[in-house]
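So the structure is just underneath, and the comments pick up after that.
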Amino acid sequence: MKKSLFALLIVSFCSFGQNEKLENLVNYVNPLVGTDSKFEFSNGNTYPAIALPWGMNFWTPQTNKMGDGWCYQYSSNKIRGFKQTHQPSPWINDYGVFSIFATTEKLVFDENKRESWFSHKAEVSKPHYYKAYLSDYNTTVEITPTERAARFRITYPQTDKAYLIVDGFFKKSSIKIFPKERKITGYASNASSGVPDNFKNYFVIYFDKEFEEVYGVKDGEIKLNNLEIESNHVGSIIRFKTKTNEQVNLKIGSSFISLEQAELNLKTEIGEQSFDQLVAQGAKVWNTQLNRIKVEGGSDDELRTFYSALYHTMLFPRKFYEIDKDKKIVHYSPYNGKIAEGYMFTDNGFWDTFRAVFPFFNLMFPEMNAQIMEGLANTYKESGWLPEWASPGHRDCMVGSNSASIIADAYLKGVKIQEIEKLYEAITKNANQEGPLSSVGRLGVRYYNDLGYVPYDVGINENTARTLEYAYDDFTIWKLAKLLKRPQSEIDLYAKRAQNYRNVFDKDINFVRGKNKNGTFQSPFRPDKWGDAFTEGCSWHWTWCVFHDIQGLSDLMGGKKNFVAKLDSVFTAPPTFDFSYYGIQIHEITEMLVMNMGQYAHGNQPIQHMPYLYNYAGEPWKTQFHVRNIMKKLYSPQPDGLCGDEDNGQTSAWYVFSALGMYPVAPGTDQYVLGSPLFKKATIQLQNGKKFSIIAPENNSENIYVSSANLNNANYTKNYLNFTDIMKGGSLKLGMSAKPNRNKGIKETDFPYSMSNELKK
């Protein structure tokens, strides 16, 4: 049998470390982690993504109505469809969706009437395979994906009325049925926003069984032999005659380019491979990536939590490019609606993922991140702006211009970015102009660049949060400008702006707060007021968002003693709050309250780095205590095993890094701040062929404190690891104890990087 292009891609994907024996780590992954969520309260806000790493399409069972962002809820009892999904977050919602469903005996299309009872006891959910029993119809549905295609295997009972439903969803869809070819084609145009007028997700479906009857569905009306329909909401129903336990197989391909490309994607990624062959290939792809980090010496639950988190880090951003008949990489642009050559990725909010997800890519997947960087350059060329929240095009969500951090950190860590000069141009445009949306460019940039902050009283919401993020992003621009040997005046400008965080810090109360245009601080002030001057948090959380200059922040607070006391108070302060800005108690507030960790709100991103800041003040044992406590308390391999929003892998990336014993507090530097590893041994297989191990033989649930450290057989006193040391390979051996070592990591020479210290040199 001639190898398909997909098979060749799998070989390429799996070739790294091919001499290593692959452990079946995919069995530790539970895609249901995070699915026990709802609008009012999130334990992850995820759905079971049945997909390959960074795949263009995911598949998921659908328990809630069409258009509901909470498409799969673990607490639900019924399934109404199995949809191809591209949803990065329930708050952003989905696009290009169509679904498959199997019924018997009754001819029904309405999703509220066709839904079937199911049980998790008869459900199998793995990254590369899903299975559910639909009890109302005595049918079993199985799914296995490729990056741009999938196979379904549906087991029916003996009946003359076995039905297969294709639902094109609302917001304009099209279906065309070819009975002789046993084929259905169509497109789905649904999207929440962020798409050009000509946006379509084209799909083609092949069946291995003859059709007995075909029905077309137009806006709820079912009509026999209606073979071609286009309207707001269309679908099709195919009737079969089946024997007991007869399996009907579907092959599905899709494309954002054309129907012809959808056919090609199906042919190259599936070809003649059987369902079981595709399952085996999917397992191999996932196992290859999961085996890049091997952890040992933990409990079964800890292993399951770790590898489920690792799975979540490899879902977004999704590939939005395809491979044409000439083997060229091409994409439909979600920015201008044209077809162009080159990479494109989407479905990512950089406000969330600049913190740990992209630093994780730079460590583990630099080749993939190089492709993502090329995609960012293409986005800039096609829209005139960098994407801060894309799904699939620009979305008006969150604050900051965090693409600067992502690009600078990648280049500074050696990722091969072919168009770095073009991306630097894009970054500096972002830093000096407002964009077409509040989330693109910098809202309030004129005030920020003139006054050194975005004022509280000029009608720009979340102004202090914007100031803090712009200052950090300017730090990353400063770092990149130096490396690119930009003019000194330009370098000095961004160095100065990187210190703008000082302008919104009130030394009298040791909090950041809103500042009026005339230079006075906003009043009255409550540090526990959510929103207003801040984004999805309050001053308790945002005061620590000076990633690049913790020493400078400590100095503003009066020195290390005051700084540590302030850190301590986050965990001990009463969990009070003021939600008057929102008018309701938003879910992030509730999630903070129930943790019983004071004002610490791990369920949202702004404060997730804060437990690591004790390292900057000579008390690393407190970082070790809090990090281990957070891992133990807030993460598990169960459906409620995440806290707050997963947000494109960020909350999971925090766990992966922390379980390894480190965290990238300040992307744009070459340091990972140390914590307390979870396992006795973790071995990282780097893409350069080297291995780096973190070894802690005495590690257990009581011995959470690092008593000693040895890097490559030499005593190591630093509170951080250098990226360059990891890239060289080797090992960090840690002594662990039930009691803290208060004499380790207490010298200022052992503290992690701060910009203030560099400026003093």
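What you see is a predicted model, and the numbers here were worked out from it, not measured in a lab.
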* To do: Quick one: do Trp59 and Phe82 satisfy ring pair (Phe, Tyr, Trp, His ring centres under 6.0 Å)? Show the steps, please.
  => CA-CA 7 Å; Trp59 289 88; Phe82 301 90; 9.0 Å; no
* Should Arg182 and Glu210 be marked as a salt bridge (Lys or Arg N to Asp or Glu O under 4.0 Å) after you check the CA-CA gap, both sets of side-chain angles, and the distance that decides it? -> CA-CA 6 Å; Arg182 298 182 300 193; Glu210 297 288 342; 3.8 Å; yes
* **Glu646/Thr46 under side chain to side chain donor-acceptor pair (under 3.5 Å): CA gap, chis, key distance, verdict** => CA-CA 7 Å; Glu646 165 63 4; Thr46 65; over 6 Å; no
* Could you go through the ring pair (Phe, Tyr, Trp, His ring centres under 6.0 Å) check for Tyr343 and Tyr321 one step at a time? => CA-CA 6 Å; Tyr343 290 106; Tyr321 66 86; 4.9 Å; yes
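For Asn336 (side chain) and Lys338 (main-chain N/O), a donor-acceptor pair under 3.5 Å exists by modelled atom type. Between the Glu388 side chain and the Cys397 main chain, no donor and acceptor come within less than 3.5 Å of each other. Using modelled atom types, no side-chain atom of Glu263 and backbone atom of Val204 make a donor-acceptor pair closer than 3.5 Å. Between the side chain of Asp136 and the backbone N or O of Trp117, at least one donor-acceptor pair lies under 3.5 Å.
Residues Thr140 and Leu134 have side chains not in contact (no heavy-atom distance under 4.5 Å, counting atoms from C-beta outward). Proximity of Tyr137 to Tyr163: side-chain heavy atoms (C-beta onward) are nowhere separated by under 4.5 Å. Phe306 places a side-chain heavy atom less than 4.5 Å from the side chain of Val656. Two residues are said to be in side-chain contact when any heavy atoms from C-beta on lie closer than 4.5 Å; Leu164 and Ile100 meet this criterion. Side-chain atoms of Asn138 and Thr104, non-hydrogen and from C-beta on, never get closer than 4.5 Å to each other. Side-chain contact between Ile50 and Thr60 is absent, with no heavy atoms from C-beta onward closer than 4.5 Å. Pro61 is listed as a side-chain neighbour of Pro48, based on a closest heavy-atom distance under 4.5 Å. Counting heavy atoms from C-beta on, the side chains of Ser254 and Gln84 come closer than 4.5 Å.
Checked by atom type, the side-chain pair Ser308/Asn30 shows no donor-acceptor distance below 3.5 Å. Side-chain contact of Lys126 with Asn27: a donor-acceptor pair under 3.5 Å is present, judged by distance alone.
Figure legend: cation-pi geometry between Arg318 and Phe345 absent, as NZ or CZ is not positioned both under 6.0 Å from the six-membered ring centre and within 45° of its axis. Figure legend: Arg114 and Phe109 shown as a cation-pi pair, the cationic atom lying under 6.0 angstrom from the six-membered ring centre and within 45 degrees of its axis.
Residues Glu142 and Arg151 are not paired through a salt bridge, judged by the lack of any N-O separation under 4.0 Å between the basic side chain and the carboxylate. A salt bridge links Lys83 with Asp94: the distance from a Lys NZ or Arg NE/NH1/NH2 to an Asp or Glu carboxylate oxygen falls below 4.0 Å. Salt-bridge formation is not detected for the pair Glu123/Lys131: no Lys NZ or Arg NE/NH1/NH2 atom is positioned less than 4.0 Å from an Asp or Glu carboxylate oxygen. A salt bridge is absent between Glu105 and Lys161: the closest approach of a Lys/Arg side-chain nitrogen to an acidic carboxylate oxygen does not fall below 4.0 angstrom. Using a 4.0 Å cut-off between charged side-chain N and carboxylate O, Asp301 and Arg304 make a salt bridge. Taking 4.0 Å as the cut-off between side-chain N and carboxylate O, Asp276 and Arg153 count as a salt-bridged pair.
For Tyr635 and Tyr655, the ring centers sit closer than 6.0 Å to each other. Note: Phe118 and Tyr133 fail the aromatic proximity criterion, with ring centroids not under 6.0 Å apart. Between Tyr311 and Tyr307, the ring centre distance reaches or exceeds 6.0 Å. The ring of Trp70 has its center closer than 6.0 angstrom to the ring center of Trp91. Proximity of the aromatic rings of Tyr95 and His86 is defined here by a centroid distance below 6.0 angstrom, and this criterion is met. For Tyr335 and His394, the ring centers sit closer than 6.0 Å to each other. In this structure, the ring of Trp286 has its center no less than 6.0 angstrom from the ring center of Tyr129.
When all heavy atoms of Lys241 and Lys209 are compared, the pair lying nearest together is O-CE, 2.8 Å. For Gly168 against Ala188, the heavy-atom pair with the smallest separation is O-CB, 3.7 Å.
Just one residue in the list Phe316, Phe358, Trp389 forms a ring-ring contact (aromatic ring centres under 6.0 Å, His included) with Phe350, and that residue is Phe358. The side chain to side chain contact (heavy atoms under 4.5 Å, CB included) test with Thr146 is passed by exactly one of Asn57, Thr268, Asn265, Leu278: Leu278.
We find the OG-CG distance between Ser236 and Asp167 to be 9.0 Å, quoted to the nearest 0.5 Å.
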